[in-house]
Amino acid sequence: MESWQEIPYSVSSNTTDLTIGFISSAIAVVLFGSNFVPVKKFDTGDGMFFQWILCAAIWIVSLIVNLIQNSPKFWPLAMVGGFLWATGNVTVVPIVKTIGLGLGLLIWASFNLLTGWASSRSKINFLEIFFFTSGIPNHWHQSGACQQLGCVNRVENRSDVSWVDNLSPLGKRMVGCFLAMIAGIFYGSSFVPVFYIKDHGRRNGTIYTGASQFDLDYVFAHFSGIFLTSTVYFLLYCAAMKNNPKVYPRAIIPGFISGTLWAIANCCWFIANHYLSAVVSFPIITAGPGFIAAVWGVLVFKEIKGLKNYLLLLIAFCIILAGSLSTAFSKV
C-alpha cells in the first residue's frame with residue numbers, strides 16, 4: 001500500500017519537472033532568438049565596446065539571481081565556463097567580417113551542438129545541421145534574419161576597418177571558418193565546469209562533495225567569469241588601440257537590454273538543464289533561436305520575402321522541431 005501511494009506523487013513530480021524544463025527551454029529559445037533585436041538599428045563598430053556593455057548587463061542579472069538564491073556557495077571553477085563563452089563571443093565580429101554571420105552562425109551552431117553532444121554523451125539528430133548547412137539560400141547568409149542573432153556589427157559599414165579587411169578572399173574564408181569552429185567549441189563547452197562540479201558533488205572525498213545540484217546556483221560564478229573575461233579583453237583592446245578605443249554611446253542602452261535578455265535566456269537554460277538534463281535541453285535550445293530570428297526578419301523587418309523563401313523557412317522549422325523534439329523525448 002505504501003509503494004502504491006508513492007506512485008502518483010512520483011508521476012506528478014516528474015510531470016512538473018518536465019513542464020518547468022520545457023517552459024524554460026521555450027523561453028530560452030525565444031529570448032536567444034530575439035536578444036539582438038534591440039541593437040538592430042544601431043552601429044556597434046568593431047563590437048568590443050558593445051560586447052563589454054552586453055557582458056556588464058549579464059553580470060548584473062546574475063547578481064540579482066544570486067541574491068534571490070540567497071547567495072549559494074561560489075565555486076571559482078564555474079567561472080571557467082564564463083571564460084570559454086566570453087572568449088568564443090569575442091570572435092563573432094571577425095567571423096561576421098570574413099564569412100558573414102549567416103555562414104558563421106551555421107558553423108558555430110553545429111560545433112556548439114557537437115560539443116554539447118560530446119559533453120553530454122548523447123545521440124544528436126544531425127538532420128537540422130545538414131539542412132541548414134546545405135539548403136539555405138545564399139542570400140539568407142547576409143540577411144537581417146541571420147544578423148539579428150549577432151547584430152554586433154553592421155557589415156556594410158566600412159568605417160571600422162580591421163585586420164581582416166587586408167586578407168585575401170580565400171584567407172578570409174579560412175580564418176572565418178576556423179574562428180567559427182573555435183567559437184562553437186567554446187560555446188558548447190561553457191557548461192562543462194558546472195557539470196563537473198555537480199558530478200563530483202555527489203561523490204565522497206572530493207573538494208566539491210556536497211556541492212549544490214541545482215544548476216541555477218552556479219549562474220553568478222558563471223556570469224562573473226563572462227564579465228571578468230570580457231573586461232580583460234576590452235582592456236587589452238584599449239591598450240592595443242593606444243587608449244583610443246572605438247566607443248559607440250548610442251549602443252549602450254540597446255546593448256544593455258540585449259545583455260539582459262541574453263542573461264535571462266541563459267538562466268532559463270540552466271533551469272532546463274536541471275529539470276530536463278543537458279541531453280534534452282541542449283538540442284532544443286541550440287536549434288530553435290535561428291528560426292525565431294528568421295521570424296523577426298519576416299514579420300517585423302521584412303527581410304525575407306517571397307513565397308519560396310517562406311516555404312523554405314517553414315520546412316526548416318519543421319525539420320528543426322522534429323529533430324530537436326525527437327532527441328529530447330527519446331531521453332525523457
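Below, each value reflects all heavy atoms present in this structure, side chains not excepted, and no hydrogens, waters or symmetry copies.
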query = How many angstroms lie between atom CZ of Phe178 and atom CD1 of Ile95, to the nearest 0.5 angstrom?
reply = 10.5 Å
request  = With sequence neighbours excluded, tell me which residues meet side chain to side chain contact (heavy atoms under 4.5 Å, CB included) with Thr260.
outcome  = Ala57, Val61, Phe256, Ile264
ask   = Does Met174 sit in a hydrophobic cluster with other residues, and if so which ones, taking ILVMFWY side chains as linked at heavy-atom separations under 4.5 Å, directly or through other members?
value = Leu170
request  = Heavy atoms only: give me the nearest Cys267-Leu216 pair and the separation to one decimal.
outcome  = O-CD1, 3.7 Å
ask   = Taking only residues two or more places apart in sequence, or in another chain, which ones meet Trp269 in a side-chain hydrogen bond (donor to acceptor under 3.5 Å, both in side chains)?
value = Asn273
key: Under 3.5 Å: donor-acceptor pair, side chain of Thr206, backbone of His200   = yes
task = Start with the C-alpha distance between Phe50 and Tyr248, add both sets of side-chain angles, then the distance that settles side-chain contact (heavy atoms from CB on, under 4.5 Å), and finish with yes or no.
result = CA-CA 8 Å; Phe50 169 76; Tyr248 296 80; over 6 Å; no
task = Would you give the length of the straight line joining atom OG1 of Thr98 to atom CG of Leu179, rounded to the nearest 0.5 angstrom?
result = 6.5 Å
ask   = Met79 and Leu235: same hydrophobic cluster, using ILVMFWY side-chain contacts below 4.5 Å?
value = no
query = What are the two closest heavy atoms between Ile58 and Ala263, and how far apart are they?
reply = CA-CB, 3.9 Å
message = Rounded to the nearest 0.5 Å, what separates atom CG in Asp17 from atom CD1 in Ile271?
response = 12.0 Å
request  = Spell out, as yes or no, whether a donor-acceptor pair under 3.5 Å connects the side chain of Tyr237 to the backbone of Lys246.
outcome  = yes
request  = Could you check whether the rings of Phe270 and Phe191 sit parallel, tilted or perpendicular, using 30° and 60° as the cut-offs?
outcome  = perpendicular
Donor-acceptor contact below 3.5 Å, side chain Tyr275 vs main chain Phe22 = no
query = Are Phe83 and Val232 in one and the same hydrophobic cluster, where Ile, Leu, Val, Met, Phe, Trp and Tyr link if side-chain heavy atoms are under 4.5 Å apart?
reply = yes
Any Trp262 side-chain heavy atom under 4.5 Å of Asn89 side chain = no
remark   = So SG of Cys55 and CZ of Phe223: to nearest 0.5 Å the spacing works out to 10.0 Å
ask   = Relative to each other, are the rings of Tyr208 and Tyr196 parallel, tilted or perpendicular (30° and 60° limits)?
value = perpendicular
task = Taking all heavy atoms of Ser258 and all of Leu54, pick out the closest pair and write down the distance.
result = OG-CD1, 3.5 Å
query = side chain to side chain contact (heavy atoms under 4.5 Å, CB included) with Ile253: which residues, sequence neighbours excluded?
reply = Ile257
query = Measuring from Ile20:CD1 to Thr15:OG1, what's the distance to the nearest 0.5 Å?
reply = 11.0 Å
query = Picking from Ser190, Pro193, Ser189, what satisfies side chain to side chain contact (heavy atoms under 4.5 Å, CB included) with Val80?
reply = Pro193
inquiry  = When you measure from the side chain of Thr209 to the backbone of Arg203, do you find a donor-acceptor pair of N or O atoms at a distance under 3.5 Å?
reply    = yes
query = Mind checking who shares a hydrophobic cluster with Leu67, ILVMFWY linked at side-chain heavy-atom distances under 4.5 Å?
reply = none
Close side-chain approach of Phe220 and Gln69, heavy atoms under 4.5 Å = no
message = On a heavy-atom basis, which atom in Ile252 and which in Ile53 lie closest, and how many Å separate them?
response = O-CG2, 3.4 Å
key: Minimum-distance pair of heavy atoms, taken over all atoms of Ala272 and Ile285   = CB-CD1, 4.2 Å
task = Any chance you could measure Tyr218, atom OH, to Lys73, atom NZ, to the nearest 0.5 Å?
result = 9.5 Å
ask   = Should His222 and Asn266 be marked as a side-chain contact (heavy atoms from CB on, under 4.5 Å) after you check the CA-CA gap, both sets of side-chain angles, and the distance that decides it?
value = CA-CA 10 Å; His222 182 87; Asn266 216 46; 4.1 Å; yes
message = With a 3.5 Å distance limit and no angle check, can you tell me whether Gln51 reaches the backbone of Met48 through a side-chain donor-acceptor pair?
response = yes
query = For Arg202, does the CZ atom have more than 12 heavy-atom neighbours from other residues, nucleotides or ligands under 6.0 Å away?
reply = yes
query = What pair of heavy atoms forms the shortest contact from Gly255 to Val39, and how long is it?
reply = N-CG1, 3.7 Å
message = Let me check something: do Leu236 and Trp85 share a hydrophobic cluster, defined by ILVMFWY side-chain heavy atoms less than 4.5 Å apart, either directly or through other members?
response = yes
query = Applying side chain to side chain donor-acceptor pair (under 3.5 Å), which residue pairs with at least one partner in residues 224-233 are found, sequence neighbours left out?
reply = Trp52-Thr231, Trp59-Ser224, Thr87-Tyr233
